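Here the structure is laid out as structure tokens; the discussion comes afterwards.
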2 protein chains.
Amino acid sequence: MRLTTKGRYAVTAMLDLALHGTEKPVSLADISSRQDISLSYLEQLFAKLRRNDLVSSVRGPGGGYRLSRGGDEIFVAQIIDAVNETVDATGCGGTADCQQGEVCLTHHLWCDLSEQIHSFLSGISLAQLVARREVQSISARQDARSQPQGGPLSLAEV
Amino acid sequence: MRLTTKGRYAVTAMLDLALHGTEKPVSLADISSRQDISLSYLEQLFAKLRRNDLVSSVRGPGGGYRLSRGGDEIFVAQIIDAVNETVDATGCGGTADCQQGEVCLTHHLWCDLSEQIHSFLSGISLAQLVARREVQSISARQDARSQPQGGPLSLAEV
DNA sequence: ATTAAACCTACTAAATTACTAGGTTTTAGC
DNA sequence: GCTAAAACCTAGTAATTTAGTAGGTTTAAT
């Protein structure tokens with residue numbers, strides 16, 4: 001099983017989309033500057049998210065990405081699956097041929113763990129994350145930091 | 001977070017110890033042949049397990065390793081921690097300075113997940129694994145395969 | 001026509017994993 | 001005491017993955 005920066009970036013970016021994409025599409029450049037993730041790397045991740053039908057894109061100036069459906073219908077597990085292939089903890093990928101074609105001593109343990117992790121992450125939607133108080137305040141901090149130019153200044157910026 | 005062959009090998013080897021180490025110490029050569037794990041690699045893993053006081057060793061001929069305490073007092077999480085450093089799912093290792101010294105958008109999510117995984121694996125002892133029916137039968141199969149020579153045959157081998 | 005954006009492909013540096021090689025030290029048994 | 005079985009130790013290495021860079025093309029708003 002792998003749960004590294006890749007999956008964390010993907011979830012973070014999707015959450016950014018959920019927070020900012022309510023009106024118009026959000027460009028990867030915006031996400032990149034708000035979340036400190038390399039633009040090119042984001043492009044690669046979003047190619048996978050798009051293939052997995054989690055986001056839809058609008059090309060050309062003013063374009064960007066939108067969630068393909070409501071934040072209450074997109075779950076963290078789906079995002080990680082999309083970029084990480086799997087959160088499976090077994091060595092055999094669930095095929096149970098871990099030791100010379102037969103099941104290994106600890107196969108069932110890893111199956112149980114995979115199940116556990118998957119069901120935990122499947123129970124958390126983007127909408128639930130958006131609703132969290134700490135997410136709200138961190139997002140506000142990020143907005144203040146990355147859009148200091150143009151438009152009226154908010155109080156938080158002075 | 002990482003959960004790869006390394007952690008799986010360690011848990012498998014420890015379970016092998018729990019199954020076979022009731023009377024005399026078990027050599028890594030035995031574990032290696034039963035579980036198909038490279039001997040040298042096992043040595044490296046056991047160096048860590050020993051440093052974490054999960055096993056004790058007996059040197060010289062007839063020597064090997066024993067669990068340092070009862071199988072009901074050794075938990076899967078401890079074994080994985082010993083060889084893997086951590087099952088933490090955050091990028092910052094829990095220090096909450098993920099984004100330029102401040103907490104990142106998804107920090108709390110990964111904290112929750114880490115907590116979840118750790119408490120799951122902390123609740124499973126070697127003794128509980130030994131008691132599982134499927135572990136018993138897989139172990140019997142492995143014994144039959146790797147000790148066909150010498151000594152009186154057990155009923156399970158004919 | 002410009003330009004902002006998605007979209008695409010190939011490459012690369014760093015890290016990690018899984019493993020090998022080649023020792024030394026300890027100690028039981030002869 | 002000698003031999004051999006075992007732990008113990010250090011260094012290296014091939015393969016894989018991650019995270020990121022580079023350098024484009026295509027699309028479409030203005």
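First the proteins, then the strands, lettered A, B, ... as listed; each starts at 1. Computed from a predicted structure; not experimentally measured.
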In whole Å, I'd like the distance from the [atom1] atom of [X] to the [atom2] atom of [N].
| X | N | atom1 | atom2 | answer |
| --- | --- | --- | --- | --- |
| A:D36 | D:dG20 | CG | P | 11 Å |
| B:L49 | D:dC9 | CG | P | 14 Å |
| A:Y9 | D:dA19 | OH | P | 7 Å |
| B:D30 | D:dA5 | CG | C1' | 12 Å |
| A:Q35 | D:dA19 | CD | P | 16 Å |
| B:K24 | C:dT27 | NZ | C1' | 16 Å |
| A:I31 | C:dA5 | CD1 | P | 12 Å |
| B:L28 | C:dC19 | CG | P | 15 Å |

**Prompt:** Looking at residues 52-67 of chain A, who's got a heavy atom less than 4.0 Å off DNA chain C?
**Reply:**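 Of all residues in residues 52-67 of chain A, the ones placing a heavy atom under 4.0 Å from DNA chain C are A:S57, A:V58, A:R59, A:G60, A:P61, A:G63, A:G64, A:Y65.
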
**Request:** Check DNA chain C against residues 38-46 of chain B and give the residues with a non-hydrogen atom under 4.0 Å, in numerical order.
**Result:** B:S38, B:S40, B:Y41, B:Q44

**Item:** With A:D36 via salt bridge (Lys or Arg N to Asp or Glu O under 4.0 Å) - residues at least two apart
**Value:**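 Partners of A:D36 under the salt bridge (Lys or Arg N to Asp or Glu O under 4.0 Å) test: A:R145.
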
**Request:** Report yes if a side-chain nitrogen or oxygen of B:R50 is closer than 4.0 Å to either non-bridging phosphate oxygen (OP1 or OP2) of D:dC8; otherwise report no.
**Result:**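 Affirmative; the distance criterion is met.
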
**Message:** It should be established whether B:K6 places a side-chain nitrogen or oxygen under 4.0 Å from OP1 or OP2 of nucleotide C:dT17.
**Reply:**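 Yes, B:K6 has a side-chain N/O under 4.0 Å of OP1/OP2 on C:dT17.
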
Test of understanding: with side-chain contact (heavy atoms from CB on, under 4.5 Å), list the residues that count as partners of [X], not counting sequence neighbours.
| X | value |
| --- | --- |
| B:C111 | B:T90, B:H107 |
| A:S122 | A:A77, A:H118 |
| A:R133 | none |
| A:T106 | A:C104, A:W110, B:V11, B:T12, B:L15 |

**Request:** If a pair satisfies salt bridge (charged side-chain N to carboxylate O under 4.0 Å, His left out) and one of its residues is in residues 104-115 of chain A, list it, with sequence neighbours excluded.
**Result:** A:D112-B:R132

**Prompt:** For A:Y41, what residues pass the ring-ring contact (aromatic ring centres under 6.0 Å, His included) criterion, not counting sequence neighbours?
**Reply:** A:Y9

**Message:** Is there a side-chain contact between A:L121 and A:I80 in this structure, where contact means two heavy atoms from C-beta onward sitting under 4.5 Å apart?
**Reply:**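 A:L121 reaches A:I80 side chain to side chain.
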
**Item:** Residue A:T4, side-chain atoms from C-beta onward, closest of C:dA18, D:dA19, D:dA7
**Value:**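 Out of C:dA18, D:dA19, D:dA7, the nucleotide with an atom closest to A:T4's side chain is D:dA19.
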
**Request:** Give the angle between the helix axes at the two ends of the helix from C:dA1-D:dT30 to C:dC30-D:dG1, taking five base pairs at each end and rounding to 10°.
**Result:** 10°

**Request:** Using the test side-chain hydrogen bond (donor to acceptor under 3.5 Å, both in side chains), find all partners of B:Q78 that sit at least two apart in sequence or belong to another chain.
**Result:**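 Counting only residues at least two positions away or on another chain, B:Q78 forms no side-chain hydrogen bond (donor to acceptor under 3.5 Å, both in side chains).
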
**Inter-residue atom distance A:L19.CG - A:Q136.CD, 0.5 Å rounding** =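 Reported value, rounded in 0.5 Å steps: 7.0 Å.
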
**Message:** Per the side-chain hydrogen bond (donor to acceptor under 3.5 Å, both in side chains) rule, what does the pair list look like for residues 56-75 of chain B, sequence neighbours excluded?
**Reply:**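 Counting only pairs at least two positions apart or across chains, the side-chain hydrogen bond (donor to acceptor under 3.5 Å, both in side chains) contacts touching residues 56-75 of chain B are B:R50-B:S57.
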
